[in-house]
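Heavy-atom basis, side chains included; hydrogens, waters and symmetry copies ignored. Throughout, protein chains are lettered first and strands after them, A, B, ... in sequence-line order, and every chain is numbered starting at 1. Quick caveat, the model's predicted, so the values are computed rather than measured.
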Amino acid sequence: MNLIVEREKGLVELEARVTALRERDAASDEVRVLERKVEELRRDIFGHLTPWERVNMARHPKRPIASDYLAALDRFDELHGDRHFRDDPALIAGFAKLNGRRVMVLAQQKGRDTKENIRRNFGMVSPEGYRKARRLMELASHLGLPIVTFVDTTGADPGIGSEERSQAEAIAACLTTLTEANVPIVATIIGEGGSGGALAIALADHVIMAENAVYSVASPEGCAAILWGDSARAPEAAEHLKLTSQDLLGFGIIDEIVAEPLGGAHRDAAGFVGRMLATIDNALAGLAPLSADALRDARYTKYRRIGARRDESGPRMASVLT
Amino acid sequence: MNLIVEREKGLVELEARVTALRERDAASDEVRVLERKVEELRRDIFGHLTPWERVNMARHPKRPIASDYLAALDRFDELHGDRHFRDDPALIAGFAKLNGRRVMVLAQQKGRDTKENIRRNFGMVSPEGYRKARRLMELASHLGLPIVTFVDTTGADPGIGSEERSQAEAIAACLTTLTEANVPIVATIIGEGGSGGALAIALADHVIMAENAVYSVASPEGCAAILWGDSARAPEAAEHLKLTSQDLLGFGIIDEIVAEPLGGAHRDAAGFVGRMLATIDNALAGLAPLSADALRDARYTKYRRIGARRDESGPRMASVLT
Amino acid sequence: MPVPEWLRLRRDKNVQAEDASLWEKCPKCNEMLYRKDLGASQWVCPRCGYHFRMHAYDRINSLVDGDFVEIGTDILPTDPLGWVDKRPYKAKLDRDREKSKLSEAVVTGFATLDGFPVALGVMDFNFRGGTMGTVVGERITNLLEEARRRRLPCIVFTASGGARMEEGMLALMQMAKTTQAVQRFMADGNLFMTVLTDPTTGGVSASFAFQADLIVAEARAAIGFAGRRVIEQTIRQKLPDNFQTAEFLLEKGHVDMVVDRRELRETLVRLLDYAVDRSRLTPTLKAVPEFALQ
Amino acid sequence: MPVPEWLRLRRDKNVQAEDASLWEKCPKCNEMLYRKDLGASQWVCPRCGYHFRMHAYDRINSLVDGDFVEIGTDILPTDPLGWVDKRPYKAKLDRDREKSKLSEAVVTGFATLDGFPVALGVMDFNFRGGTMGTVVGERITNLLEEARRRRLPCIVFTASGGARMEEGMLALMQMAKTTQAVQRFMADGNLFMTVLTDPTTGGVSASFAFQADLIVAEARAAIGFAGRRVIEQTIRQKLPDNFQTAEFLLEKGHVDMVVDRRELRETLVRLLDYAVDRSRLTPTLKAVPEFALQ
Ligand SMILES: [Zn+2]
Ligand SMILES: [Zn+2]
């Protein structure tokens, strides 16, 4: 069960009571007292989220998912298929208009219910999905359309079929194609950004993260399993991984955070989605004047400097092994 | 049963007898008489091959196949796989040296026996094979290596899996990649050149054809089935299709013919293979000085002029439909 | 072969194949349909949505804003192989010309779609089963070259049984020719779109049809490389009903979208609107026939 | 962390991990093998052909003609996240450094192979399971940039459990960094080759490992994206033995060839001979360390 959903229960009840009372008599003392209590409760629950609570927030069943963002665009027309093997429903892609701007959108799509989650493979993309993404990145380059991505996945699909069709190659090819792209790229981390499966569509000129989204080298469960052989220690791993938006802004791995309402994006989904789209539009406006070469050079430098540390006192050519 | 194999039977017997006799007494009258008879028989059987006989010659079970040419190269190292789905044994590809020249080789490979034919799918290439070819055409372009191809297929694989993985797209992509290639391309038709499945690796700067090879818009069986609903009328279709090397040289669809010994390439396989390789080497030498742009322009023009017919007396912009 | 037919065609927007009967039976729901109504409904059965194969000029009329400036009408078939089977190839051409009111299996030209100037090619199954011979290859190539010169988007509707047998290897070489033309066209940054209609197979599918930036398939169209019968003979079993349908191909990832004919024009306009920067079209490109006659 | 180790390494060509025992048991055929013999046979069991994991310096010694000029030794790990679990990350690094006689999980530098000057990177599973953190990412990137400047072919031997958890997202970003470096390197027409050794998974396989012009897999190596255990947990069944082996990948078309370690050097030289025009190498590029120190 989702931690946040658990905690919200009392709050949601109380909020309903306040609404009901307010309808009867908005000025009553009882309403005012309860309103203050709601406020306190909210701050109490959501004021200082731990990393593990953020992970739960990012996985909240009511959190806006890719389709909510797509629905809020001026217009969206889905394009399908990798032209070779399959259309992967875990990755939605297509032409869109965002504030009148023509763009190519790539999005990892979870389901709202079990049935859709099965169809969407819980947002875990298969090689075909990455190959569709790659094809459309190239089309965007060809047509001069900026690329906008929505990242929301625990990680790339780890199934037999995905290994048989080279998940590794599919992800590497996406990274290569984003490196080559001659158009602006804006990536958003809207929920979970898990591992290479997320990065495959997040190598970008500008990376925007929802305040309570998480973005990490591995899912906390995966990290705990790898390091300690025990995925139940995920909360502890989350603590270590520095996967929150604030952490990542500090490291220069993301460029911008879109604040969420206290209690999470789902508490004002339409408002939050709108702010996210406006933030994307703003980033695109900033990148629009840049030439293809300038974009690619800046993109190279952006990633080039992450983790570059040279002990300048040491020798450059250290040793000759004979 | 192969028509040529049938006809050869008496001849092969007679030749064996001559050889045996000659060992005993090379100068005997009997030997001379028989030698003359062998000569006559050869001319009788092979002197004027009909198109259908050529089809049978192209399919002769002893005819040199791709692996015979590969074995005669200075060196060959096979490269595998489309990087996505499968390594297709019907299409062999890899680095080679030909008279010291570094080249990329792509070859359709039939089997010598039933077992190998099943493994090689009778030389009918699947989408994965064409995608491997395409990948290595791109690698050749990247490394500046000329591309040499050996065509020998009844046609592209017509199976369910090939349709499911878009045989059409795979062939079209090969044609596109050969169009873009910045290196010389020499194609050889060594046996059967069947339809789009052959052309996929035969769009080239210089096309060489073995004298008794055939190259056609469809296999004679396929053509007869399409036009008359009766594949048994293949001999008749062969007559119509203008699929012989002489016909195609006349149309400007191939550039050069390598003569075969009377009775077919298999009657002097090593010699013929050597002459084919020398012819390829010669063509490569001719193309080597050309720049990438010059190659591509000449390639464009070469195919551009095939079937271009304009009734100059007629109007250029004919009609406005309102 | 001069142009008299075209003059007639200008007047009759819903010209159809030789069968001049007033009624057509829907092969899916068996409804008897009045041909005139069918023409008005883009040859889609109003009862069950069945898509009849459509005549090239009907197709063009259903798409373009106003004028359609046809080009390539001076590219006409000959008989390069001197082919004679039951009848001479030339006689087959004559009959198809008569029957289809077409000079060959593709019509090419310029038009605007909701104001977007485009180069448009439309193949027609009524002429030699939409097979690609030298004329189809040359007209498509010519269209792409003219579109490239003008930096116009190009849309080709495919409908083809494959390569034309009666032109032998000259027909096969049109795959190479058209592919090269598409590659050059696209390398300049131009948009190439194909709409795959029933049926699209063989040499056409394995060249320009599947080479496009965007591939739209018309609902329920049969699309593939090898013919259904060939595959059935090879594997010696019946194929499932949905095999090689547009919907099957969508699931297998081969096409960008499947569109009902009644929504096709609107979809193409929307795709053009995404892919082409309308503001960068020069004024002379906005009107037909001015831009086409440059 | 200065360089004393390297000085020691120069003298001992077959340096191995901390276990200094004289004997090693073959895990496949159970033969007891004398370590010195194993070193001489490139860590391949002479009885059954089992490939032991190989130390980076052993690997380099088994490949290069003479000198190996190491670069990037001044790129050294820090503890960017301040990670402490059972032990602090820094302590883990210290232990691995001691145990493996390596300063990090990849060794990079220049050498010649049968006269071909190459940029060479060799990962080592003995250091943090060959995981890619900032140092691996930076050293690989640095190697590619230096090779690009000199127009040298580049060969990287991979051996990796994936991204290094203890460096968090900074580790993941090395996928982007190395991929970009490879793309730039290859865009200039240079040759990039990878040799996938046991094991190659996760972030390394999904970046530079599978991005190469030529991908050689060492016989029987385990190669994939997701770890075997993760997949088994996901699908809740045992995987077949050959799953994710080099041989399995060859059949599935993912790698160019599978090579026995004993034939690896010869194979790489042959591939270089095809892919690189030896005559165009300038004389200064033919010798080490002159060219490397430019
Ligand atoms: Zn109906
Ligand atoms: Zn052993």
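In this structure, chain D has no heavy atom under 4.5 Å from any part of A/Leu178. For A/Leu227, the parts sitting under 4.5 Å from any heavy atom of chain D are the backbone and the side chain alike. With a threshold of 4.5 angstrom between heavy atoms, D/Leu239 approaches chain A through side-chain atoms but not through N, CA, C or O. Looking at D/Phe243, only its side chain comes within 4.5 Å of chain A, counting heavy atoms on both sides. Interface residue A/Leu203: only side-chain heavy atoms are found under 4.5 Å from chain D. Looking at D/Gln174, the atoms closer than 4.5 Å to chain A (heavy atoms on both sides) all sit in the side chain, from C-beta outward. In this structure, chain A has heavy atoms under 4.5 Å from both the backbone and the side chain of D/Gln180. Of the two parts of A/Leu175, the backbone and the side chain both hold a non-hydrogen atom closer than 4.5 Å to a non-hydrogen atom of chain D. Neither the backbone nor the side chain of D/Val204 has a heavy atom closer than 4.5 Å to any heavy atom of chain A. For D/Ala181, the parts lying near chain A are the backbone and the side chain together; criterion is any non-hydrogen pair under 4.5 Å.
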_Step-by-step salt bridge (charged side-chain N to carboxylate O under 4.0 Å, His left out) determination, A/Arg304 to D/Glu145_ = CA-CA 11 Å; A/Arg304 181 71 190 81; D/Glu145 287 177 342; 2.7 Å; yes
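Contact count versus chain D (heavy atoms, under 4.5 Å) is highest, among A/Arg299, A/Arg296, A/Glu236, A/Glu239, for A/Arg299. Most heavy-atom pairs under 4.5 Å with chain D, from the set A/Ala198, A/Ser195, A/Gly197: that is A/Ser195. Here A/Ile306 is the residue among A/Ile306, A/Asp157, A/Leu243 with the most heavy-atom pairs under 4.5 Å with chain D.
In terms of modelled atom types and a separation under 3.5 Å, the side chain of D/His254 and the main chain of A/Ala168 share no donor-acceptor contact.
Within a 6.0 Å sphere centred on CZ of D/Arg229, heavy atoms belonging to other residues, nucleotides or ligands number 12 at most.
In this structure, D/Met169 and A/Lys242 have side chains that are not in contact, with every pair of non-hydrogen atoms separated by 4.5 Å or more.
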